[in-house]
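Along the sequence shown, the residues carry numbers beginning at 1.
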Amino acid sequence: MSTIDQAARAADTKRVPSHVIYRRVLAERTSYALAAAGMAVGPQLDDSAWSYLASGGIGVGTLAWLYAKTKDPDQGLDMLTRAQRAIPFLTAAGTYVANLITPGFNWWEVVAPAAWASLMGWMAPLTRSAGLVLELTEHQVQHGAGPAEPLTYTEFLAAKWAQATGDGTRLVSITPFRADRPDFEAVVVAQAGKAVPTFTEVQLAAAFDFPVGTVKMRPVQGSGPGRMRLVARPTSEDVEAVAEGIRGLWENAVAAPGKAAPGVELLDYRAEPHRIVLLVASPPGKEIHLPHTAICSAFGIDDPSRLVIETDGIRQGVVSIYKTNPLMKVRKATVDDLTMDFKGRVTIGVCHDGKPARMRLWDPSQGALRGITAGVTGAGKSVLQNLILAAEKCSGVVSWVGDVQGGMSLPEAEGRVDWFAKGPVETLLMLTAAHAVMKYRERISNEMGRGDFALNKPWPLINITLDEINRLLSHPDEAMRKATAYLIADIQKTGRKVGIGIRLAVQSLHLKDLGDDDAIRQQGKVGALFLMRTASSSTKEMGLDGIAPAGFQMENIPARIYENGQIEALFSGKDDEDGESTAGMAYMFLDGRAKFMRTFFAQKVDGVYPDLIALYGDEPPAGLTEGEAKAAQAGAAIYGVRHTNPYAHCDTLAQAFSDATGSTPAAGTPAPDADGGDGDEAPAPFETPFGDGGPDIGEEPGLQDQILDLLADGPKSLKQLREALPSFQPSSVSNACTQLKSKGLAKSLKRGHWQLTDS
């Protein structure tokens with residue numbers, strides 16, 4: 001009999017649980033015991049002709065039935081099975097007739113039936129001939145097949161294959177695709193010198209009780225016919241078969257003349273459970289060009305985020321095709337993610353291929369960095385900025401934040417960064433102070449003979465974040481607009497070498513959102529550029545030249561994505577809320593590469609993000625050194641009272657200083673050097689309204705004294721201090737603690753806990 005016939009017969013065997021086989025054997029043995037008692041007693045009670053006819057008829061009838069089956073030459077193994085079933089009846093009839101013929105009572109007339117019952121009970125021919133096979137159940141998989149060792153899922157699959165196919169082949173190298181699904185792949189190995197038989201789809205599916213068509217046999221690369229690869233995907237798509245179809249689709253719908261990317265060859269592909277990766281290349285001598293929209297159309301993809309294109313800028317590229325958007329769900333951030341490594345990197349999200357999305361807070365080889373984040377309201381700029389600011393706080397970076405929208409864009413950062421400037425006036429004054437600190441560092445560096453910045457030697461890294469800066473760069477007050485543009489451009493150009501970085505957050509990269517100043521845009525693009533969902537469906541005018549790799553084309557990120565596509569959602573009439581928001585999705589441009597990523601998830605509650613607030617921690621933020629603080633105060637007298645936000649509600653400098661005694665409105669902007677270079681001492685962009693020190697504007701009287709009184713009773717956590725002083729803002733309490741520490745009156749016992757210095 002061939003191996004295939006054996007496999008077919010094995011597939012026809014009856015698999016039943018162990019308790020069913022046990023019950024059938026018990027019933028059969030009980031019937032033998034009862035029959036043996038009747039065989040011993042019956043001949044002694046009745047030896048009439050009817051007894052002879054009944055017992056003899058059973059034996060003759062059984063022989064006649066068995067003889068009739070021998071007439072069919074195709075019965076094969078089935079004939080032996082029927083003979084096995086006839087044994088109990090023939091031997092029982094013979095024993096009964098022997099007892100009838102023997103006159104009187106003899107001892108062996110009891111021993112013979114007992115011996116017959118014992119032999120039949122041991123053989124259990126009726127149950128054995130039924131072809132019952134012990135079924136491996138899920139219970140046995142989880143709790144073990146016996147008292148020895150537990151049966152793992154791979155052992156379970158190997159045993160199922162052995163039951164179904166016999167001893168001709170073995171299932172080895174079994175690898176489940178996912179721990180929570182039955183899908184797996186394995187290698188089928190035949191006996192030495194033999195090939196693996198050809199199984200039908202029905203036989204393969206029956207071996208594991210999977211749906212027909214979900215189990216496939218494929219050749220093993222580099223191996224002969226004695227080994228075959230078995231792939232079982234009862235719950236997921238056979239991505240390799242899909243990839244084979246995509247190869248033909250690429251050649252006909254993408255690479256053919258007149259199609260999306262004519263001449264671009266598909267070199268190789270890799271199939272993953274939810275992703276197919278294509279390696280493509282343009283013809284030699286041609287620059288690669290992969291139009292995103294046209295390729296989406298060729299593959300029938302209406303959600304552009306399911307197709308990601310990356311190129312080397314020369315002639316090769318990688319095209320990733322996803323079954324669903326790979327960034328539908330992203331986890332929350334942790335403190336470890338936001339702690340800077342020795343290369344200056346932090347993790348702020350996840351890339352489309354599952355790799356961590358990292359950015360630099362600074363570059364050890366280049367110093368401080370610039371950057372721009374562009375995206376409309378709801379695109380996720382606030383979460384991204386908060387993640388970066390929390391990372392800076394965790395990493396000891398001095399953070400200055402200018403929220404031109406009056407503190408509404410980044411309320412989580414207030415009280416958790418060294419300076420949180422609200423509104424256009426305070427943001428401009430903060431830039432003035434930063435410019436003064438930059439000039440101070442430049443002067444000290446020249447005296448020390450240093451040319452580059454070293455982290456915390458002697459100064460900490462300062463990063464300035466300007467949110468909604470487009471409002472200030474396009475401000476109706478010409479003096480403020482020009483002063484802002486000058487300060488940003490000058491810090492962008494020279495702040496890197498003295499450890500002062502600057503990031504801008506705007507609605508888009510169009511020049512109108514950057515005060516029509518292309519220099520600011522070009523300088524900002526040198527660092528980390530995040531392009532999120534924008535108001536325009538076209539990105540051709542956003543100035544991606546010089547940062548995006550050659551051949552890269554980016555389509556705008558939609559506001560929402562749908563599991564079955566946007567068109568299907570429109571056709572079925574689903575509400576906008578039925579889709580998944582794309583907030584946090586962005587193209588991150590770093591080191592000449594464009595990465596599609598999404599920031600870590602954060603849930604907004606009552607207008608703020610509690611998860612992000614927790615990431616900031618309770619420790620006071622890092623601040624300036626004593627010399628820098630004096631330089632900042634000299635540059636903008638507001639620095640000493642920066643935590644009180646005295647000009648948060650002022651729109652212009654004239655309005656801010658109109659009530660200040662002896663002050664004058666802004667006098668205009670300075671003229672930079674004729675050659676555009678930087679002098680040792682840049683002129684102030686406008687006149688300072690406060691002389692040398694300025695009044696103590698917005699100072700909250702008695703706060704520090706009250707904190708000292710509370711600490712006199714013993715150490716207190718920052719949370720306890722805030723609860724004991726409900727009339728003060730939480731940020732004011734935190735800042736007052738920091739000021740007491742700088743005066744030597746209080747010290748930080750541990751993270752978020754304070755006590756008197758002389759305790």
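By the side-chain hydrogen bond (donor to acceptor under 3.5 Å, both in side chains) test, Thr334 pairs with Asp337, sequence neighbours left out. Checked against salt bridge (Lys or Arg N to Asp or Glu O under 4.0 Å), Glu412 has no partners two or more places apart in sequence or in another chain. With sequence neighbours excluded, the residues forming a side-chain contact (heavy atoms from CB on, under 4.5 Å) with Ser223 are Val220, Arg227, listed by chain and number. Residues passing the side-chain hydrogen bond (donor to acceptor under 3.5 Å, both in side chains) test with Tyr322 are Arg275, His352, sequence neighbours excluded. For Glu201, the side-chain contact (heavy atoms from CB on, under 4.5 Å) partners at least two apart in sequence or on another chain are Val212, Lys216.
With hydrogens and angles ignored, the 3.5 Å screen pairs a side-chain donor or acceptor of Ser382 with a backbone N or O of Ser409. Here the side chain of Asp403 pairs a donor or acceptor atom with the backbone of Leu410 at under 3.5 angstrom. No side-chain donor-acceptor contact under 3.5 Å links Trp400 to the backbone of Leu431. When atom types are taken as modelled, the side chain of Arg315 and the backbone of Gly285 share no donor-acceptor pair closer than 3.5 angstrom. In this structure a side-chain-to-backbone donor-acceptor pair under 3.5 Å is missing from His289 to Ser282. With hydrogens and angles disregarded, a donor-acceptor distance shorter than 3.5 Å links the side chain of Arg496 to the backbone of Gln366. Remark: the backbone N or O of Leu473 is not paired with any side-chain donor or acceptor of Asn470 at under 3.5 angstrom.
Considering every non-hydrogen atom in both Leu307 and Phe299, the closest pair reads CD1-CD1, 3.8 Å. Residue Pro291 comes nearest to Ala260 through the heavy atom pair CG-O, 3.2 Å, listed as atom of the first residue, atom of the second, then distance. Nearest heavy-atom pair across Ala602 and Asp611 is CA-OD2, 4.5 Å. In terms of heavy-atom proximity, Gly495 sits nearest to Ala368 at O-CB, 4.3 Å.
The side-chain heavy atoms of Val401 and Asp467, taken from C-beta on, include no pair separated by under 4.5 Å. Side chains of Phe210 and Pro182 form a contact here, defined as non-hydrogen atoms less than 4.5 Å apart. For the pair Arg533 and Val376, the minimum side-chain heavy-atom distance is below 4.5 Å. Within the 4.5 Å cutoff, side-chain heavy atoms of Phe596 are placed close to those of Leu327. Residues Phe184 and Leu230 are in side-chain contact: their nearest non-hydrogen atoms beyond the backbone lie under 4.5 Å apart. Residues Gln492 and Leu504 form a side-chain contact, since some pair of their non-hydrogen atoms from C-beta on lies under 4.5 Å apart.
When the options Ile309, Thr311, Ile314 are evaluated for a side-chain contact (heavy atoms from CB on, under 4.5 Å) with Ile288, the one that passes is Thr311. Screening Met438, Arg441, Glu392 for a side-chain contact (heavy atoms from CB on, under 4.5 Å) involving Ile462 leaves a single residue, Arg441.
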Can I get a per-line list of side-chain donor-acceptor pairs under 3.5 Å for residues 355-364, giving both atom names and the distance, sequence neighbours left out?
unit_1, atom_1, unit_2, atom_2, d
Arg360, NH1, Lys343, O, 2.6
Asp363, OD1, Ser365, N, 3.0
Asp363, OD1, Ser365, OG, 2.8

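A donor-acceptor contact under 3.5 angstrom links the side chains of Thr465 and Arg503, judged on distance only.
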